[in-house]
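Here the structure comes first, spelled out in structure tokens, and everything after it is commentary.
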2 protein chains.
Amino acid sequence: MTIYDIAKKCDVSIATVSRVLNGSDKVSAKTKEKILAVMKEQNYQPNPFARGLGLNSMKMIGVLCEDVSDSFYAKAISLIESHLRKLDWNVILSCTGREHEPKAKYLQFLIEKHVDAIITIGTPFNQAKDITYLKCVANKNPIIMVNSYIKHDNIYSVICNEEAGIEDIVGKLAAKGCQSILYLYDSLTYSGKQKLAGYKKGLVKYNLDANPLLQNKINRSLDDVEKIVKTLIDEEIYFDAIITSEDLLAVGAQRAVRQMERHMPIVGCNNSILSQCATPMLTSLDNQLGTLCKEAVNLLTKLMNNEEVPSKIIFPAKLIQKESFVYL
Amino acid sequence: MTIYDIAKKCDVSIATVSRVLNGSDKVSAKTKEKILAVMKEQNYQPNPFARGLGLNSMKMIGVLCEDVSDSFYAKAISLIESHLRKLDWNVILSCTGREHEPKAKYLQFLIEKHVDAIITIGTPFNQAKDITYLKCVANKNPIIMVNSYIKHDNIYSVICNEEAGIEDIVGKLAAKGCQSILYLYDSLTYSGKQKLAGYKKGLVKYNLDANPLLQNKINRSLDDVEKIVKTLIDEEIYFDAIITSEDLLAVGAQRAVRQMERHMPIVGCNNSILSQCATPMLTSLDNQLGTLCKEAVNLLTKLMNNEEVPSKIIFPAKLIQKESFVYL
DNA sequence: GTGAAAGCGCTAACAA
DNA sequence: TTGTTAGCGCTTTCAC
């Protein structure tokens, strides 16, 4: 079933059929109606490749992240996909994995498919070469980064002010009387850097213990985080509160602390389901992923309509206090 | 930069260029080399739409599930994407959501894009109309179901024998002396039905308490599961072990049980990260998702090569015993 | 408001 | 081994 068949059945030219297909107003109501009826009757579906050839678009958006199986990215993709779907856009997925290797190729895969735009979640690109390639891609395709930022033409960012969020938490903990806050993080993505910066700023601002042993970069693993917390306690490094860059780390930290029969406020980040599965439930900094993703799609829509859009949109983070904040 | 430009620069015809593009062996080494060199120099990339038009394929696989933000589906998509990526296939995503409404349209979206095949994860389609449409689609496009089963030509299933897995757990609990096992589940997907059947079979086989009040269908929500468990205890419905169809439910169940100061073995399903985040860590039935996804892609590859493949592949489930199994 | 026809960039059958 | 050419199914310009 092609446009020719429809045209023949309607006694019109393919041009006219094409016009109704593309919603042109230069078709008489009667003709349009007839054509639509036949299309429906024949269950006609335009060939997307042929359409793509002509329009140079198949209405596909490339979505790129490190790892969909991470609950944070998964949530983001879920939100983005559902928003895009409503607007008749399709999502084509590309995951780089967490290995430290060149990742430009994952962008390349999307470019090869001629996606209309690219949305990145988090910071899939960290190496200089990859970032150079990303900028190069941006010259042709709009790129929207959710929770990451690179200054360049045609790259747009929707981010959460996690720096201020963490700094604020430090302040709240200081107000509770905490002096030595342990900070555990697993990576220095854009978001990771913000949070670390917020922690450091907070230490200065509230005049807290700046012992460098209280800042630890570790693997994102329950075992590893439990081990380090226990070691620190064994070695009598004093701390009276914990902030982690990720809920999973907070889960492990809390478990270790309780096994060592200690009590202290513990705060994670992302406000994920993991924070609810821990006992007691973990207080967590919500980076407003829902808002970010919605705005990312919104921004994309505007870009496609050639409207002016800001290159950076920042939302505040929000502390979700749960059980793990009351212990001291 | 098109195939014509490359041809001109190489002083050959577009046919020859096309041949090297498609790895034909009917090109002299010298010509091939020259063409490849120019392609690289010009950074030529074939237009995927034009290619799609000719080959009727853009090497895209539609992946369909209810909800990527669910950790089980997220993991599956992650695995499938990475396997397909290695084979140069792209994933285009379609999520139906969990609302009870017609879902055929989400399949339709993929069909409209002329994907080469469809992989479903879990049971996105449950209503008769949707299943009819799915079967209809199968007449044109191969469909591979991960952890679901529909008998029909061109629909292939890769599943885990969760029925036997659950039945086995019931046996293990009986051996521990449990008499009344509470079973909590949230949905009757294919997998959900298998597990429930396994539970029931187990009750019969091991001659356990068949009180229907011990089988509860509930929402997938921590709050709801906690509520029901507490209510049952309050109402003095006796049970001395819990099995849930999902780790999340087990997390909530365990929390409720402990809050009521009871101890009993608790077992979840999916062996997800959630089971590790709970304290104590939850024993869980692993449905071998990694194996299923790998086999699904493997099967797909064979289908694309017109090799014979079985319509149903079954792997055994595996009980991962963690802390929550030792209490009694 | 409608039609004829020229692309879009590629594949593949057929010729040479 | 290579080239010529006719599609693939659609969009769009230009006439009418």
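For clarity, every value in this text was computed on a predicted model and none was experimentally measured. In what follows, every chain begins at residue 1, and chains take the letters A, B, ... in the order their sequences are listed.
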task: Could you tell me whether Gln42(A) atom CD has more than 12 heavy atoms of other residues or ligands within 6.0 Å of it?
output: yes

query: Is the Lys NZ or Arg CZ of Lys312(A) less than 6.0 Å from the centre of Tyr156(A)'s six-membered ring, within 45° of the axis?
result: no

- prompt: Between residues 39-47 of chain A and DNA chain D, which residues have a heavy-atom gap below 4.0 Å?
  reply: Tyr44(A), Pro46(A), Asn47(A)

task: Starting from P on dC10(C), measure out to CE on Met58(B) and report it in whole angstrom.
output: 13 Å

message: Could you go through Arg19(A) and Asp25(A), starting from their C-alpha distance and side-chain angles, then the distance that decides it, and tell me whether this counts as salt bridge (charged side-chain N to carboxylate O under 4.0 Å, His left out)?
response: CA-CA 8 Å; Arg19(A) 285 191 189 98; Asp25(A) 50 355; over 6 Å; no

query: Roughly how many Å is it from CD in Glu112(B) to C1' in dG9(D), rounded to a whole number?
result: 16 Å

query: Could you give the CG-to-P distance, from Asn56(A) to dT12(D), as a whole number of Å?
result: 11 Å

query: Which whole-number value in Å describes the distance from Asp5(A) CG to dC10(D) C1'?
result: 13 Å

- request: Pull out every residue in residues 10-27 of chain A that has a heavy atom closer than 4.0 Å to any atom of DNA chain D, ordered by number, or say none.
  value: Ile14(A), Ala15(A), Ser18(A), Arg19(A), Leu21(A), Asn22(A)

- prompt: Any side-chain donor paired with an acceptor under 3.5 Å for Asn22(B) and Ser24(B)?
  reply: no

message: Checking side-chain polar atoms at under 3.5 Å, does Asn139(A) have a donor or acceptor matched by the opposite partner on Asp153(A)?
response: no

- request: Indicate yes or no: at least one non-hydrogen side-chain atom of Trp89(B) is less than 4.5 angstrom from one of Val297(B).
  value: no

field: dG1(C) OP1/OP2 closer than 4.0 Å to side-chain N/O of Thr31(A)
entry: no

message: Given dC10(D), dA12(C), dG9(C), identify the nucleotide with an atom nearest to the side chain of Leu55(B).
response: dA12(C)

query: Can you check whether Ile313(B) reaches Ile159(B) side chain to side chain, under 4.5 Å on heavy atoms?
result: no

message: In whole Å, I'd like the distance from the CG atom of Leu53(B) to the P atom of dT11(D).
response: 11 Å

task: Would you state whether a donor and an acceptor, one from the side chain of Tyr4(B) and one from the base of dC8(C), lie under 3.5 Å apart?
output: no

query: Separation of Lys34(A) atom NZ from dT2(C) atom C1', in whole Å?
result: 12 Å

- prompt: Expressed in angstrom and rounded to an integer, what is the separation of Lys32(B) atom NZ from dT2(D) atom P?
  reply: 11 Å

message: The test is side-chain contact (heavy atoms from CB on, under 4.5 Å); show your working for His114(A) and Asn47(B) and say whether it passes.
response: CA-CA 8 Å; His114(A) 276 216; Asn47(B) 182 306; 3.9 Å; yes

query: Rounded to whole angstroms, how far apart are NE2 on His114(B) and C1' on dC8(D)?
result: 12 Å

- request: Name the closest nucleotide to the Arg51(A) side chain, picking from dG1(C), dG9(C), dC10(D).
  value: dC10(D)

statement: When every non-hydrogen atom of Asn147(B) is compared with those of Phe72(B), the smallest separation belongs to ND2-CZ, 4.1 Å

message: Does Phe49(B) reach a base, just sugar-phosphate, or nothing at all? Heavy atoms under 4.0 Å.
response: nothing

